[in-house]
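What follows is a short report on a single structure.
Note that these values count all heavy atoms, side chains included, but never hydrogens, waters or copies made by symmetry. What you see is a predicted model, and the numbers here were worked out from it, not measured in a lab.
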Amino acid sequence: QRPSIFVVISCKMKILHLDQNHPLLIEQLTQAGFDCQEDYTSSKQDIENRIASYDGIVIRSRFKIDKQFLDAATHLKFIARVGAGLESIDVSYAASKNISLFAAPQGNKNAVGEHALGMLLSLFNKLNPADRQVKSGLWKREHNRGVEIQGKTIGLIGYGNMGRSFAKKLKGFNCTTLCYDIQKDLGNKNATQVSLQTLQEQADVLSLHTPWTPQTNQMVDAAFIAKFKKPFWLINTARGKSVVTKDVVYALKNGKILGAGLDVLEYEKLSFETLFTDKMHLELEELLAMDNVILSPHVAGWTIESKEKLAQVIVNKIVTTYKPDPKL
């Protein structure tokens, strides 16, 4: 009699990692019983040709997860983005296919709050132009007289993880912090929730902490800026496409905006990895030449600590949701 043949089929959930992240992400998911595979170089089309064999993907911003990709991912149970936003994913179409979505705004909220505060302090104290002048042999003390946060009114649009983090850091400066959000009853001890009109009437500083949505797209335009009662400083660590650059440049020229700290720009591509890939826009050239403008390359949430925190948040969300059996 021929011996019986047993075929062992792995029941581990297969996860495809499409971007490199902190090593703890793969290490801990593997320890938890997931089958982790990596592909950081194949084209979107090549990934689509074999995505049907995976239960989950982990991505940052390598390419857009659109309908075509989701139609090919016939067994996909979740998409995890190691970042705060989900705008690179067709969220509604993924939901229609019962695909869970995980993001990690809790992981870099502190980094964003600190970056926003750093930009504000640098603007108020003219640190960037003063640094350049001293290094060029110029010693202009009166020209570089600064202003203080104390006594100012700081207006935040968006009061989720990032807005709350910034407001908490402002608490020790003896300023007034207001917040506006489309959701109700979000105000706390660090910020008073008000209407958008009230914020525009009272704010000395506007800081954006909103995701990109059709409602926030090009939100800060000429009409929006004109509604502010006082000249104000602008901080944007959220999304570049929420601000119309040419209107901000015009407001900087006429003094309606006193200075701007921009970690994100309207012209960024979806991957957030490149900017100067097309012909330079005139308004961007003007922005680059302004002493009262501070720019950084979409790194408000990128710190040594946040890289680890973002990965840990994603691990916790996946493991908590699926809890695989490590013996399989």
Under a 4.5 Å cut-off applied to non-hydrogen side-chain atoms, are [X] and [Y] in contact?
X: Glu142; Y: Arg145; value: yes
X: Asn217; Y: Trp212; value: yes
X: Ile99; Y: Tyr93; value: no
X: Phe173; Y: Gln150; value: no
X: Arg60; Y: Ser88; value: no
X: Leu70; Y: Ile79; value: yes
X: Tyr159; Y: Asn190; value: yes
X: Ile57; Y: Ile51; value: yes

Does the [X] side chain pair with the main chain of [Y], one donor and one acceptor, at a distance under 3.5 Å?
X: Gln193; Y: Leu186; answer: yes
X: Lys241; Y: Glu266; answer: yes
X: Asp39; Y: Leu18; answer: no
X: Glu308; Y: Glu305; answer: no
X: Glu283; Y: Lys246; answer: no
X: Asp55; Y: Lys77; answer: no
X: Thr216; Y: Met219; answer: no
X: Lys152; Y: Glu148; answer: yes
X: Thr213; Y: Gln215; answer: yes
X: Asn316; Y: Val319; answer: no

In terms of side-chain heavy atoms, does [X] have a donor or acceptor partner in [Y] at a distance below 3.5 Å?
X: Ser296; Y: His115; value: yes
X: Asn110; Y: Ser165; value: no
X: Gln28; Y: Gln312; value: yes

Test salt bridge (charged side-chain N to carboxylate O under 4.0 Å, His left out) on Lys44 and Asp66; report intermediate values, then the result.
CA-CA 11 Å; Lys44 179 173 178 286; Asp66 53 19; 3.1 Å; yes
Does one hydrophobic cluster hold both [X] and [Y], with members joined at side-chain heavy-atom distances below 4.5 Å?
X: Ile89; Y: Leu76; result: yes
X: Leu123; Y: Leu127; result: no
X: Leu208; Y: Val112; result: no
X: Leu24; Y: Phe34; result: yes
X: Tyr267; Y: Val293; result: yes

Is the His209-Phe166 ring centre distance short of 6.0 angstrom?
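Yes, they do, as the ring centres are separated by less than 6.0 Å.
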Taking the six-membered ring where the residue is Trp, are the ring centres of Tyr322 and Phe78 under 6.0 Å apart?
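Yes, the ring centres sit under 6.0 Å apart.
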Are Val194 and Thr192 close enough, and set up right, to give a side-chain contact (heavy atoms from CB on, under 4.5 Å), and what steps lead you there?
CA-CA 6 Å; Val194 297; Thr192 302; 4.2 Å; yes
Return yes when atom [atom1] of [X] has more than 12 non-hydrogen atoms of other residues, nucleotides or ligands closer than 6.0 Å, and no otherwise.
X: Lys168; atom1: NZ; answer: no
X: Gln45; atom1: CD; answer: no
X: Tyr250; atom1: OH; answer: no
X: Lys227; atom1: NZ; answer: no

How many angstroms lie between atom [atom1] of [X] and atom [atom2] of [Y], to the nearest 0.5 angstrom?
X: Cys36; Y: Ile26; atom1: SG; atom2: CD1; result: 6.0 Å
X: Ser42; Y: Ile47; atom1: OG; atom2: CD1; result: 4.5 Å
X: Leu206; Y: Asn236; atom1: CG; atom2: CG; result: 8.5 Å
X: Ile235; Y: Ile154; atom1: CD1; atom2: CD1; result: 9.0 Å

Closest approach of [X] to [Y] (non-hydrogen atoms, all atoms of both residues):
X: Leu196; Y: Ile157; value: CD1-CD1, 3.9 Å
X: Gln202; Y: Leu178; value: OE1-CD1, 3.6 Å
X: Leu265; Y: Leu284; value: CD1-CD1, 4.1 Å
X: Glu48; Y: Ala72; value: O-CB, 3.5 Å
X: Leu199; Y: Cys179; value: CD1-C, 4.3 Å
X: Lys307; Y: Asn21; value: CE-C, 4.1 Å

Using a 6.0 Å distance limit plus a 45 degree cone around the ring axis, check whether Lys317 lies over the aromatic ring of Phe102.
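Lys317 over Phe102 ring: no.
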Intermediate values then yes/no, side-chain contact (heavy atoms from CB on, under 4.5 Å), Leu287 and Leu252:
CA-CA 9 Å; Leu287 200 68; Leu252 284 162; 3.9 Å; yes
Determine, step by step, whether Thr303 and Asn108 satisfy the side-chain contact (heavy atoms from CB on, under 4.5 Å) criterion, reporting the C-alpha distance in whole Å, the side-chain angles of both residues, the deciding distance to 0.1 Å, and the verdict.
CA-CA 8 Å; Thr303 61; Asn108 62 355; over 6 Å; no
Let me see the working for Val147 and Trp233 under side-chain contact (heavy atoms from CB on, under 4.5 Å), right down to the final yes or no.
CA-CA 12 Å; Val147 295; Trp233 283 264; 4.1 Å; yes
Charged N to carboxylate O under 4.0 angstrom, Asp71 versus Lys67?
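Not counted as a salt bridge, because no side-chain N and carboxylate O are separated by less than 4.0 Å.
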Strictly below 4.0 Å, N to O, side chains only: are Lys126 and Asp291 in salt-bridge contact?
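A salt bridge is absent here (no side-chain N lies under 4.0 Å from a carboxylate O).
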Nonpolar side-chain network containing Trp139, other nodes, edges under 4.5 Å:
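Cluster partners of Trp139: Val134.
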Before you tell me yes or no, could you show the steps for His17 and Gln37 under side-chain hydrogen bond (donor to acceptor under 3.5 Å, both in side chains), namely the whole-Å CA-CA distance, both residues' side-chain angles and the distance that decides it to 0.1 Å?
CA-CA 6 Å; His17 295 256; Gln37 300 180 19; over 6 Å; no
